[in-house]
Structure formats: C-alpha cells, structure tokens
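Note that the coordinates shown come from a computational prediction; the quantities given were computed from them, not determined experimentally.
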Amino acid sequence: MKYIHHVLRGSIAALAIAPVIAHAQVPAGYPAQYADTIAAAKKEGKVVIYSTTDTAAASALIKDFQTLYPGISVEYNDMNSTELYNRFISERAAGGGSADVLWSSSMDLQIKLVNDGNALAYASPEIPQMPTWAVWKNEAFGTTYEPIAIVYNKRLLSGDEVPQSHADMVRVFAQKADKLKGKVTTYDIEKSGVGFMLITQDSKNNAGFWDFVKALGAVGPRFQSSSGTMMERISSGENLLGFNIFSSYALLRAKKDPSIGIVYPKDYTLVMSRVMFASKAAKNPNAAKLWVDYILSRRGQTVIANQAELGSIRADVEGDQTLAGLTKALGATLKPIPVGPELLGYLDQTKRLDFLKQWQQAIKGSK
C-alpha cells in the first residue's frame, strides 16, 4: 500500500518563533481548563494524521498548528480515500497503533467508520460556529466547503461546447459526440471512494440521472481514480472535459494553467466537505483534540481558505472560496452534502453492487 509519510518537528518550529514561548495560550473563548488539554498534548508530543488532503495543500496548516503548539510534532500520512479506510481498519483489527485523526474527502467511508464506533466523542469549543449539517454526534466534523465542478480545456472547447449544467451535459454529449469521443473524464467509481460517493449524490439530485449516464457512455468516457490525473489530461488536451472534479483542485491548477475552465453547474452544485474525526483508540487523544479544534477554528479555517485553498466552512471567514463567498456568488444552486447517516445508504453491499451493475449497463448502453 503506497502512501506518503510526512513529519514536521514542533521543536524546530519553536526555535524559529521565540525562546520566550513556554506554554501555548488557551484560545480566546475556550474554557480555562483547556490549558490541561494543551499540557497533556505537550506530554504526548505528537499527533498522527491519516489524510486524503495532499501534503502540499496541508503544509501551511501543519506549520501554523506548530506555531500555536511548539513541541507537538505532526506525523502526516497522505493517501487516497480507499487506502485510508483499509489501512485504519486493518491496523485496528491487528490491535496495533494507527491514526489519532482521520481526515478524508470520502465522506461516506468516514461516516461508516464513525457509525461503527471508531470515533472519539468530543464537544469541540468550535461547534457553535459550525453549520448544523457539518457536525454529527460531536464525533464527525465537516471541515471544508468545496463545490464540485465541471472542468474543461478553454483552448479546445468554447461556446455551446461547454455544458452549463448536468442536464446540459446530455445535450453536449449528443451534439458534440464526434469531438468528445474518448475525451470526457470522471472518477472510476469502482476504485475511488469519493468518486462513488459523488455519483450516488448525483443520482439523488438529478431527476434524469440514468439518461445522463447513458449519454455519458455513448461518448466513451475515460475513468480515473484521482482528480490529479483528470486535471493533467484536461490540461494537456488528451481529455477535453471532466465532471465531479473538486473546484478547489481546479482553481489551483487554473492559477498555473490559463487553459483550465471551470463551470459550477447551474441546476445544482454539490458541495463536498472533508470529514474529520479523532480516533477513539488514539494514542495521542489530547493532541488529536488540539488538531481538530485548530482545523475548525477561525484561524485554521482562514488558512484553509487562503493558503490551502480548500474552501472554508465557517460563515465568519472572508474570501471567494468560503461558505459566505460562495453562497453570495452561487446562492440556492449549492447543495452541501450533510455529514450524517444518510451517507451510509449506498455502502450497503447489496445496494452498492446493484448501483454498480446498473451503472455499467447504462454506460454500455444495455438495458
């Protein structure tokens, strides 16, 4: 199983700040006894994180966390959503050490882990600042606000070749079939946990979903297990159009590549939120609490929005890629995916296999 292991030492960060910092301050508005949590976390000395968020995107968060809490190292393990789930399950079954915190874009797999009793119940002081749909049982927390977009190559597609909604993709696939044959990309939903989650959400929000899948199948889609591969192929022109792509990744790519175009579908725009929880079996439970609170805090969310560029879930953080900014721009078309048990539906093995069978048949054009 391949993953990236990334460690930043808090002791180094401490030297860089100032020798006068001996004890981290209790954040404003937190209970005074939070000082005990900080002290206990310092004794633990580290927090182990399994995450689907790229190390490069998370590096600003890690560094800022260590500015707040020098002396606590962050062991950051970057892997895809299916690897994260399987790794944690196998390590827990073996009774060995595993993550203190799990942070994944595969919302449904995270909720399954929480529902199966793996999460530490924690009433974070930041909960009152969170949308109600982003907190489940004080165990699972939505941490980002990321619209799911249509992405295309602006050099090679223009005008009515660019779909403006899910329904409009059906038109484009039919009218521009010759140009788009073998040039449309999206997740391989059998291999990607987040891809499967997003397409099942589409099935709930799109009344013409199965007609859409048949239209997709007719243009010979190219399925990928990662958004990075999709973005690369759209950028190169090997593919012209992709859907169910995180706008956060597309916006980052567009800063370097002017050929990347982004459409927020006008019928509905799904909003994904990376789900985080502290493990009930965490070896460093106090450091895990500090990390969760930092990520949910206004300070952490400001870094998420403006440096990690993942989109802030808090209404009091300013910027274009925040709940407030995106709501102002896109309004009622935004459809946040709630953090909660309704995500578990298609993880039932029978329902999952039935869905995949129907998907395969529709892609192949059979009945």
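- A salt bridge does not link Arg298 to Glu126: none of the charged nitrogens lies less than 4.0 Å from a carboxylate oxygen.
- Atom CD of Gln175 has more than 12 heavy atoms from other residues, nucleotides or ligands within 6.0 Å.
- The pair Lys280-Glu139 fails the salt-bridge criterion, with no side-chain N (NZ, NE, NH1 or NH2) lying under 4.0 Å from an Asp/Glu carboxylate O.
- The shortest heavy-atom contact between Gln301 and Leu296 is CG-O, 3.7 Å.
- Other residues, nucleotides and ligands contribute at most 12 non-hydrogen atoms within 6.0 Å of the CG atom of Asp320.
- Taking the ring axis of Tyr268 as reference, the NZ or CZ atom of Lys335 does not stay both within 45° of it and closer than 6.0 Å to the ring centre.
- Sparse packing is recorded around NZ of Lys191, with 12 or fewer heavy atoms of other residues, nucleotides or ligands lying under 6.0 Å away.
- A cation-pi contact links Arg352 to Phe196, judged by a cut-off of 6.0 Å to the six-membered ring centre and 45° from its axis.
- At least one side-chain heavy atom of Phe246 sits under 4.5 Å from a side-chain heavy atom of Ser105.
- Ion pairing between Asp354 and Lys357 fails under the 4.0 Å rule for side-chain N and carboxylate O.
- Gln360 and Glu190 share a donor-acceptor pair across their side chains, judged by distance under 3.5 Å alone.
- One finds no salt bridge joining Asp100 and Lys46 here, because no Lys/Arg side-chain nitrogen approaches an Asp/Glu carboxylate oxygen to under 4.0 Å.
- A heavy-atom distance below 4.5 Å is found between the side chains of Gln321 and Leu251.
- If you check the side chains of Tyr34 and Asp293, you find a donor sitting under 3.5 Å from an acceptor.
- Environment of CG in Asp116: crowded, with over 12 heavy atoms of neighbouring residues, nucleotides or ligands closer than 6.0 Å.
- Checking Gln224 against Ser226 by side-chain atom types alone, no donor-acceptor pair falls below 3.5 Å.
- By the 6.0 Å contact criterion, NZ on Lys43 is open, its count of non-hydrogen atoms from other residues, nucleotides or ligands being 12 or less.
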